[in-house]
Amino acid sequence: MSDEDVLVSFEPSAVRSQRRVAFVVASTAYGLYRLTSKIKVDNAEILPPRTPRIQRLRGMPANQGGGAIIAAYHASHLDPILVGLALWRNGHLPHFLAKSGLFSGALGAVLRGLGQIPVLRSSTQAGDSLEYAKEALAKGECVVIYPEGTLTKDTELWPQHFKTGTARLALETGAPIIPAAHWGLQEIFPQGAKVPKFRPLRHTSVVRFGDPIDYEDLWAHREEKKSKTVLTHRLTNTIAAMVGELSNRELPERFHNEEVGE
C-alpha cells in the first residue's frame, strides 16, 4: 500500500497528533456525558502496560508493542463514549474499528484525526480486512472491537451472537483480549429512546475490564477454524458473566454451556 493510500497511521508522530485531537474531543464528550451520569471504572489496572499480568502466552510470539484488543459489550449507542472515556481517562487512546466507507469527507477527517481504524471491505483491499488493526497492535495501541458487530437486540440486554473477527485478530497476532462490560446506560438511555435522561448526581454508569482471555491452549491450532469458534464462544460467555455480575442477575443457562467446536 502506497503512502497516499494509507487511511490512518500509528507511527509515534501520528499518535501524538491523534492524542492532541482526542484531548479536545474527550474533554467535550466527558463534559456532556456528565450531564447524564457519573462514570465508574473497575479493574483499570488490568489495562496495559500497567500490569504484569498481561504477558504473552507461553509459546506465543512476544507482543512487543504491548498492544491489546478491548472486546466490548455493545448495548447502547452511548457505550462507545462510555468505553472510550474509560480508556482515555486511564491513559489509553481508544482505537475503534469502523467501516472503511466512513473514512471520507468531514467525518473521515475526524476519524483519521482520532486514529480510528478502518475495516477494509472492498474487493481491491480484501486481502486483509484487519490490516490497520494489526498495525495498531504492533505499535502498542489499544484496539476496541465490538464482537457482535452491532447492538444487542436481546430484550434483557444479554450479549447475542459474536462474530469470529476478534478471535481471528488475536490468533493472528498473539495480542491479549481484554473483555469490557458495562451497566447503567439502559437507565439513562433506554432502547428506543431518542434523548438521554439527565441524572448527573443520582446515576452512575459502570465500566468493568476483565482479565485477559486465556487462549494458550488454542495457539498450536490457531489456523484452524475450530479455534476461532472456541475462542469466540469463550469470549461470549466471559462478557455475559461480567454483564450478569454488574446487573446482579442470574446468568442464563445458554452461557453456562461448555465450549463447542464447529
Side-chain angles (χ1 to χ4, degrees), residues 26 29-30 32-44 46-47 68-90 92 94-99 102 116-117 119 142-167 169 177-200 202-211 213 232-257:
Y30 180 73
L32 293 174
Y33 191 91
R34 279 292 286 114
L35 294 174
T36 65
S37 174
K38 293 181 285 186
I39 299 175
K40 180 176 182 290
V41 181
D42 291 344
N43 302 335
I46 286 174
L47 298 168
I69 300 167
I70 310 299
Y73 165 64
H74 198 15
S76 169
H77 291 296
L78 290 182
D79 63 48
I81 299 174
L82 179 60
V83 173
L85 286 173
L87 289 166
W88 176 255
R89 291 175 65 81
N90 283 281
H92 300 280
H95 300 278
F96 288 83
L97 266 64
K99 296 178 181 179
L102 297 176
Q116 303 311 292
I117 299 174
V119 179
C142 282
V143 174
V144 185
I145 299 180
Y146 286 113
E148 289 174 275
T150 186
L151 291 171
T152 180
K153 302 298 191 298
D154 187 89
T155 56
E156 296 185 344
L157 300 179
W158 292 106
Q160 289 185 295
H161 177 68
F162 281 19
K163 298 179 180 179
T164 60
T166 307
L169 182 60
I177 304 175
I178 300 176
H182 56 82
W183 196 250
L185 285 175
Q186 78 287 346
E187 296 178 10
I188 61 171
F189 197 46
Q191 288 184 339
K194 297 185 182 300
V195 179
K197 300 175 182 179
F198 297 94
R199 298 178 178 175
R202 295 181 292 131
H203 184 270
T204 300
S205 302
V206 181
V207 179
R208 178 171 296 170
F209 296 104
D211 286 321
I213 304 294
T232 300
H233 188 85
R234 192 174 297 177
L235 177 61
T236 303
N237 285 0
T238 298
I239 290 181
M242 293 171 67
V243 171
E245 292 173 358
L246 286 169
S247 59
N248 294 312
R249 294 182 295 166
E250 184 176 350
L251 197 64
E253 184 62 31
R254 65 183 180 275
F255 297 116
H256 289 287
N257 295 337

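FYI, the numbering just counts along the sequence from 1.
Between Leu97 and Val144 there is no side-chain heavy-atom pair separated by less than 4.5 Å. Counting heavy atoms from C-beta outward, Tyr30 and Arg89 have side chains that approach closer than 4.5 Å. Contact of the Leu235 side chain with the Pro147 side chain is registered, since non-hydrogen atoms from C-beta on lie closer than 4.5 Å. Annotation: side chain of Phe198 is not in contact with side chain of Ser37 (no heavy-atom distance under 4.5 Å). A heavy-atom distance below 4.5 Å is not found between the side chains of Pro179 and Phe209. Contact check for Thr36 versus His203: no side-chain heavy atoms found under the 4.5 Å cut-off.
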For residues 69-77, which side-chain N or O atoms pair as donor and acceptor with protein atoms under 3.5 Å away, sequence neighbours left out?
{"from": "Tyr73", "atom 1": "OH", "to": "Leu157", "atom 2": "O", "distance (Å)": "2.4"}
{"from": "His74", "atom 1": "ND1", "to": "Asp79", "atom 2": "OD1", "distance (Å)": "2.9"}
{"from": "His74", "atom 1": "ND1", "to": "Asp79", "atom 2": "OD2", "distance (Å)": "3.2"}
{"from": "Ser76", "atom 1": "OG", "to": "Leu78", "atom 2": "N", "distance (Å)": "3.0"}

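Thr204 meets the side chain to side chain donor-acceptor pair (under 3.5 Å) test with no other residue; sequence neighbours excluded.
At a cut-off of 3.5 Å, with distance as the only test, a side-chain donor of Ser205 or Tyr33 sits close to an acceptor on the other residue.
A distance of 6.5 Å separates NZ in Lys40 from CZ in Arg208, rounded to the nearest 0.5 Å. Annotation: the span from Leu85 atom CG to Ile39 atom CD1 amounts to 5.0 Å, rounded to 0.5 Å. If you take CG on Leu35 and CD1 on Ile188, they are separated by 10.5 Å, rounding to the nearest 0.5 Å. From Gln191, atom CD reaches atom CG of Leu151 across 7.5 Å, with rounding to the nearest 0.5 Å. Atom-to-atom distance recorded for Gln160:CD and Thr236:OG1 is 11.0 Å, nearest 0.5 angstrom.
Judged by the 6.0 Å distance and 45° axis criteria, Arg249 is positioned over the aromatic ring of Trp158.
Leu82 pairs in a side-chain contact (heavy atoms from CB on, under 4.5 Å) with only one of the listed residues (Val206, Leu87, Leu185), which is Leu185.
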Original post:
Passes side chain to side chain donor-acceptor pair (under 3.5 Å), His161 versus Glu148? Steps please.
Top reply: CA-CA 6 Å; His161 177 68; Glu148 289 174 275; over 6 Å; no
